[in-house]
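The figures here come from the full heavy-atom set of this structure, side chains too, leaving out hydrogens, waters and symmetry mates. First listed ligand is number 1; within each ligand, the first listed atom is number 1.
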Amino acid sequence: MSDNKVVLNYDGNSFEYPIVDSTIGDRGIDISKLRDQTGLITLDLGYKNTGATLSDITYLDGDNGELYYRGYPIEQIAEKSNFSEVMYLLLHGELPTQDQFLKFEGGIKKYNYVADEMKKILDVFPRSAHPMGVLSSLTSALTAFNPKAVNVNSKEEMDEAAEMLLAKFSHLCAWTYRKKLGLSINHGDNNLNYVENFYKMCFRRPNMDFELDPVVVGALDKLLILHADHEQNCSTSTVRMVGSAHTGLFASVSAGISALWGPLHGGANQAVIEMLEMIEQDGGDVAKYVEKAKNKDDNFRLMGFGHRVYKNFDPRATIIKKAADDILTALGIEDKALDIAMQLERVALEDEYFVSRKLYPNVDFYSGIIYRALGIPTEMFTVMFALGRLPGWISQWKEMRLHNDPIGRPRQVYQGAQKRDYVDLSAR
Ligand code: SDX
């Protein structure tokens with residue numbers, strides 16, 4: 001039986017701090033009294049060893065490459081569920097009954113449109129604008145058209161805000177795609193399910209009949225499932241931090257979009273394809289780029305490799321790698337980038353530098369191969385990640401508010417100037 005407290009010896013005194021138990025995974029030392037009792041704070045750059053909250057939503061085991069949504073292993077969810085059902089599971093904690101699912105889908109379809117004024121905001125962006133910047137702005141602008149702050153303690157209000165955002169966000173994501181291609185926007189179609197509706201809003205051309213390709217819809221659905229939540233990652237922590245000030249849901253998610261945009265986070269899926277294309281254009285010399293990634297004097301990194309938590313393999317990467325193979329075969333596409341990706345993976349995983357640092361392909365390494373096969377432009381890849389992660393962001397924001405987590409306000413170890421007096425300009 002493990003201890004239920006830790007003892008800290010400091011300045012000739014002993015201090016005890018209780019350990020907070022988990023269902024599975026990391027247990028936590030409760031240091032809420034540390035500063036009052038010792039005058040010390042902790043320092044943990046990047047919060048690599050720090051739990052920010054208690055959560056029931058998603059569990060990761062980084063050593064064994066396991067990922068559970070509300071206890072259900074990602075492999076089973078990816079194979080047997082669908083994205084709409086995963087949204088419900090993350091938001092409500094249980095798989096829905098048939099009636100609950102139909103009510104949930106109906107709640108989303110009720111908001112399957114976006115005010116025309118929002119289109120005017122979209123129109124003023126240049127076509128060259130990065131879709132993530134457009135998406136973050138449009139998501140924040142949703143607040144202007146839905147200013148009523150959600151009462152998180154009202155189940156009805158919280159459910160309605162979540163369903164509204166899920167519905168409208170899929171439009172905003174599709175609109176950024178249409179903007180990039182200079183195409184008119186499509187509105188939602190309530191005869192379709194969530195992923196079919198998104199697919200049609202993206203790909204329907206006004207001058208052609210539109211047909212849903214089940215292979216493409218199936219691949220999209222699986223990719224969105226695999227991105228739906230991932231406990232306290234950078235963008236989710238951003239949504240929680242902004243929401244902890246009781247900022248509205250839409251504005252909190254808008255901040256999360258900006259965090260996800262970063263190439264070390266969700267922006268990696270775009271960076272991976274750009275890296276694979278660069279290697280291809282440079283003659284496909286994979287070994288050269290593996291050496292560059294190892295060279296401390298070279299700021300090149302193997303995008304799509306490494307993870308803060310997964311130190312064995314990312315279970316999502318395993319599923320996506322197979323899906324990439326399947327969809328390229330189904331669509332009859334030869335993609336040099338996939339060949340280079342598989343060579344890169346093989347070379348890197350035999351190299352001591354990567355093995356010793358436990359750097360394996362992550363969720364972003366193969367996802368771009370599929371998005372590209374589906375005809376999605378590279379700059380849209382992180383928008384796809386955001387669409388997938390939205391139910392996770394909403395669920396985590398809702399949990400943070402229902403738990404009454406305090407406003408996030410970390411401390412620091414100050415290493416700046418000692419107190420000193422102002423010097424007039426004439427004396428400097
Ligand atoms: C996502 O947190 C989540 O859950 C995120 C995510 C989610 O679903 O929300 O899973 C999505 O963001 C996946 C990660 C996508 N990012 C990338 O693929 C970018 C490339 N990867 C890295 O930048 C890096 O691996 C991180 C950011 C993912 C993790 O960084 P850490 O945990 O802070 O590790 P680190 O930067 O301290 O690296 C440890 C060592 C260092 O070498 P040493 O100083 O020990 O000699 O590993 C090296 C790093 O230089 N290293 C790499 C590397 N990643 C880490 N070296 C070369 N190529 C890489 N990709």
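- Scanning the protein heavy atoms around atom 12 (O) of ligand 1, the nearest turns out to be H265 ND1, 2.9 Å.
- Shortest contact from atom 2 (O) of ligand 1 to any protein heavy atom: N233 CB, 3.5 Å.
- Using a 4.0 angstrom heavy-atom cutoff, Q232 does not count as in contact with ligand 1.
- Classification of D63 and K311 as a salt-bridged pair fails, no side-chain N sitting under 4.0 Å from a carboxylate O.
- A donor-acceptor contact under 3.5 angstrom links the side chains of E399 and S55, judged on distance only.
- For atom 15 (C) of ligand 1, the closest non-hydrogen atom on the protein side is D364 OD2, 3.3 Å.
- Side-chain contact annotation: D282 with Y289, donor-acceptor N/O pair under 3.5 Å present.
- Among G266, C234, A268, P361, the residue whose heavy atom lies closest to atom 17 (C) of ligand 1 is A268.
- Using a 4.0 Å heavy-atom cutoff, L264 is listed among the residues neighbouring ligand 1.
- For atom 56 (N) of ligand 1, the nearest non-hydrogen atom from the set F305, F354, F385, Y353 belongs to Y353.
- The closest protein non-hydrogen atom to atom 51 (N) of ligand 1 is L359 CD1, 3.6 Å.
- Put simply, no part of H227 is less than 4.0 Å from ligand 1, judged by heavy atoms.
- Inspection of the R240 and T53 side chains reveals an N or O donor paired with an N or O acceptor under 3.5 Å.
- With hydrogens left out, the protein atom closest to atom 38 (O) of ligand 1 is R301 NH2, 4.1 Å, a heavy atom.
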Q) Going through the checks in order, is the ring-ring contact (aromatic ring centres under 6.0 Å, His included) test met by Y88 and F104? A) CA-CA 7 Å; Y88 185 97; F104 178 65; 5.5 Å; yes
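- Scanning the protein for heavy atoms near atom 28 (C) of ligand 1, the closest one is G306 O, 3.6 Å.
- Salt-bridge check for K148 with E157: passed, with a basic side-chain N closer than 4.0 Å to an acidic carboxylate O.
- Looking only at protein heavy atoms, the nearest one to atom 34 (O) of ligand 1 is K48 NZ, 4.1 Å.
- We find that K80 and E75 are not joined by a salt bridge, their nearest charged nitrogen and carboxylate oxygen being 4.0 Å or further apart.
- Where the criterion is an N or O separation shorter than 3.5 Å, residue side chain and backbone included, L302 meets it with respect to ligand 1.
- Of the charged side-chain nitrogens involved, at least one lies within less than 4.0 Å of a carboxylate oxygen, so that E291 and K294 count as a salt-bridged pair.
- Close approach of ligand 1 to G304 is summarised as follows: ligand atoms under 4.0 Å from at least one heavy atom of the residue are 17 (C), 18 (O).
- Under a 4.0 angstrom heavy-atom cut-off, K294 registers as lying outside contact with ligand 1.
- For the side-chain hydrogen bond (donor to acceptor under 3.5 Å, both in side chains) with Y366, the qualifying choice from R316, K322, E345 is E345, the only one to do so.
- Under a 4.0 Å heavy-atom criterion, R389 is in contact with ligand 1.
- A salt bridge between E379 and K180 is present, with a side-chain N of the basic residue lying under 4.0 Å from a carboxylate O of the acidic one.
- Residue-ligand proximity: A293 is placed with a non-hydrogen atom under 4.0 Å from ligand 1.
- Looking at K358, R357, H307 and measuring to atom 47 (O) of ligand 1, the nearest heavy atom belongs to R357.
- In terms of protein heavy-atom proximity, atom 33 (O) of ligand 1 is nearest to R308 NH2, 2.9 Å.
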(Q) Let's go through H230 and Y69 carefully: what are the C-alpha distance in whole Å and the side-chain angles of both, what is the deciding distance for side chain to side chain contact (heavy atoms under 4.5 Å, CB included) to 0.1 Å, and is it a yes or a no? (A) CA-CA 9 Å; H230 216 238; Y69 290 163; 5.9 Å; no
